[in-house]
There are 2 protein chains.
Amino acid sequence: MAEEELALFSHDETEDLSFQPDVVVRPRDPAIVPEILALAHRLKVPVTPRGAGTGLSGGALPVQGGIVLSLDRCDRILDINTENMVAVVQPGVITQVLQEKVEEAGLYYPPDPASRGSCTIGGNLAENAGGPHAVKYGVTSDYVMGLHAVLADGTLIRCGGARRKDVAGYDLTKLFVGSEGTLGIITQATLRLVPLPVERAVLLASFPTLRAGLEGVLAVFRGVTPSACELLERDAVEAAASHLRRPVPVPGAEALIVMEVDGFTPEEVERQMMAAGERLEGAGAVEVRVAMTRREREELWALRAATGEAVKAISTYKEEDCSVPRSKIVELVLGVKAIARKAGIRTICYGHAGDGNIHVNVLRMDMDEQKWQEHLPAVIEEIFELTVSLGGSITGEHGVGWTQRRYLPLQFGHAEMAAFRAIKDALDPDGILNPGKIFPG
Amino acid sequence: MAEEELALFSHDETEDLSFQPDVVVRPRDPAIVPEILALAHRLKVPVTPRGAGTGLSGGALPVQGGIVLSLDRCDRILDINTENMVAVVQPGVITQVLQEKVEEAGLYYPPDPASRGSCTIGGNLAENAGGPHAVKYGVTSDYVMGLHAVLADGTLIRCGGARRKDVAGYDLTKLFVGSEGTLGIITQATLRLVPLPVERAVLLASFPTLRAGLEGVLAVFRGVTPSACELLERDAVEAAASHLRRPVPVPGAEALIVMEVDGFTPEEVERQMMAAGERLEGAGAVEVRVAMTRREREELWALRAATGEAVKAISTYKEEDCSVPRSKIVELVLGVKAIARKAGIRTICYGHAGDGNIHVNVLRMDMDEQKWQEHLPAVIEEIFELTVSLGGSITGEHGVGWTQRRYLPLQFGHAEMAAFRAIKDALDPDGILNPGKIFPG
């Protein structure tokens, strides 16, 4: 492979980081993965697994060189079994491709990261991806029933499967999900499917203040279980609208909630929609607009979906992925604003407020590079200290990867870090699997 | 403690096994657990954790003597938070007590093992308990968001919490659940709660053959998601009815299905009930009877609940806990019958057929002790080989513990067993935590 080709595998969607691999291996058949790892193990060469390279914490970056093992070509859906309500897939299947196939069978695979049109199930498993529908349906790990994974020495292990219940042995399946390729390379997954909710409705609620919007989110959950509950602050809405060359949906609103309910009958959806509307108005919404048509619905979702790219486009940025218990979102977001104000920087907050997972974008604006580089780590640290003090996590769905590892000790003490290290050393004693990730330098 | 008092902690509900502990420690405050383990660690004394002693695989038996650490007195519910929909509990809380408190707050904690009136959350976590409602709601591990656990050396670790999303570090929470006290002692848990379905309905369907009953189970799931779907074969029904001194509900039926649907409106429940009834009739049910009143509903559940005790009462028995993909229940149960016929023994099958988890009771009847002891291991092995060949597990909800460890290699190969062992050795290098469990001798 030429240098230029290797360069395609040197970066992901995380800032502008780049690490050149020495070798890229792109098998079409996952059955070869044990051999690749056995060889790497003998030669003590680092192996960095990669899906579509859409990660936001640098998980797929070969920071110590060596082999990038790209599984994007292992993209077969091996089975969709409606009787057992499971799908069996190779890791390179694109999330949305799976979702569409599953829906054809009247079933539903809910995890839907923003990149679902291009990201792979393997990457979703590695980072335990979430998305807007996690608030009702849970994250990737809630849908993984079984795995094939190749350990650092090339040994293939099989755990779980299409059986719904299994308490034999340790739950390696759940341990491997979210381990970011540091414990083994997943070569096959059995995923749980659920009945497809055939009815859904989306509403847009606008609020005069950010605080009112956040409190609106909490109000909804007093009696309603939305299938998505996203919050966008004014700057996020404006960035997204401008990105899409559309007018802002509700001029002057300081916060918008995009909320969805789903179900199996129109009555069920209508009942929830009414209840949610009442609660949002009670919390001070100035307008609650129900998307009546499929097109209106898609337009609202398009606005939400454009936010990440849009915010990225307007400034050098760093996106954080704070996750707190839902009841703490007001303190989190207003606390972030206070930290930013003090530091003289700008933040834009948006995301999965319904499950307490807020993306905090820290924007440089016109601060010069040197001052920015000096200021940034302390600001991020302060934001994460606040997050952890509220019972939260430094990452809800993006992973620790390469960029967040220095912050991990803000969330965990020596005891937990030692337990992580003991498990890593037990399964990968030479440290060849995705080295440099998760653990601080 | 006198010998007689120690003897109370020498057995659980597993057959008639008994192992005397040297010491029993029953703290009222889990904060002392790190000190107890630090001491045990220094002295290299085995520690066997215990909840209410209702286990069915000998998990709480001190098979190597030493300390039994009974957490039944650590029984405080620390918090029920309706905003975050979580409960924070000590391990000694009785499952049903928690469920009732949670229901008072309009919420629901679904895992409901048969022993829920006496078993503890700590035991449920250790064995990853299931129950009838797992078919719709999942098992204990699906409800555990965070843990405090004390490692073998007395170190306290805290993982997860009331945050819905967290991908920082390895998922120790899920690793500890179902690890049967061999990796750490759980001293606190944060449990996920869901909205309480306020409407429910139960039906009883009777079938002319066992096969038709099993196929009836499969038929239901083509369009309906029951909140429970239990199957009892004729002998199980007769044993339970006789145990309760009641008439058999449908004389002559070879199999009964006890099915429940739940929801938030009467219409939703009725719609599902109608759909289920149609499917059951289509599958050959001779009668489908809907329990109209609360009393009728409770009577049906009482029949199901009495089955375990009833079958136990009629013969020396051994209950197995086969779990297969739902689509394989016909092959599993009819296969078990064929194995039993060939061996000249009797089996009674019943349980959570909707999620593929069938309790297979092997009855001695009038076979003499010596012949029974000679025959039994080969019969059990054959049943488990069939289970595994169908993509199943040797235990769906009872755990491996002490009695099933010899069968674990039927389900896992060298690679998986070595991975389990590596994790065990990493976290408990001296092997003092619940020694003798899970791993074959």
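A note on names: the letters A, B, ... follow the listed sequences, proteins ahead of strands, and every chain is numbered from 1.
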Enquirer: Is a donor on one side and an acceptor on the other found under 3.5 Å between the side chain of B:Arg164 and the backbone of A:Val135?
Expert: no
Enquirer: Under 4.5 Å heavy-atom distance to chain B, tell me which part of A:Arg421 shows up: side chain, backbone, both or neither.
Expert: neither
Enquirer: Which bit of A:Leu218 is near chain B, if near means a heavy-atom gap under 4.5 Å: side chain, backbone, both or neither?
Expert: both
Enquirer: With the side chain counted from C-beta on, respond yes when B:Ile157 and A:Phe412 share a heavy-atom pair under 4.5 Å apart, and no when they do not.
Expert: no
Enquirer: Can a donor-acceptor pair be found, under 3.5 Å and without considering hydrogens, that links the side chain of B:Glu416 to the backbone of A:Arg158?
Expert: yes
Enquirer: Are the side chains of B:Leu172 and A:Ile423 in touch, meaning some heavy atoms are under 4.5 Å apart?
Expert: yes
Enquirer: Within a strict 4.5 Å, meaning less than it, do heavy atoms of the A:Met85 and B:Arg326 side chains meet?
Expert: yes
Enquirer: Go through the atoms of B:Leu390 and report whether side chain, backbone, both or neither lie under 4.5 Å from a heavy atom of chain A.
Expert: neither
Enquirer: What part of A:Thr395 gets within 4.5 angstrom of chain B, counting heavy atoms only: side chain, backbone, both, or neither?
Expert: both
Enquirer: Does B:Asp171 reach the side chain of A:Asp171, with side-chain heavy atoms less than 4.5 Å apart?
Expert: no
Enquirer: Counting only non-hydrogen atoms closer than 4.5 Å, does A:Thr265 touch chain B with its backbone (N, CA, C, O), its side chain (CB onward), both, or neither?
Expert: side chain
Enquirer: Do B:Ser323 and A:Asp166 get their side chains close enough for a donor-acceptor pair, meaning under 3.5 Å?
Expert: no
Enquirer: Are the side chains of A:His352 and B:Lys165 in contact, using a 4.5 Å heavy-atom criterion?
Expert: yes
Enquirer: Any heavy-atom pair between the side chains of B:Tyr170 and A:Lys424 that's under 4.5 Å?
Expert: yes
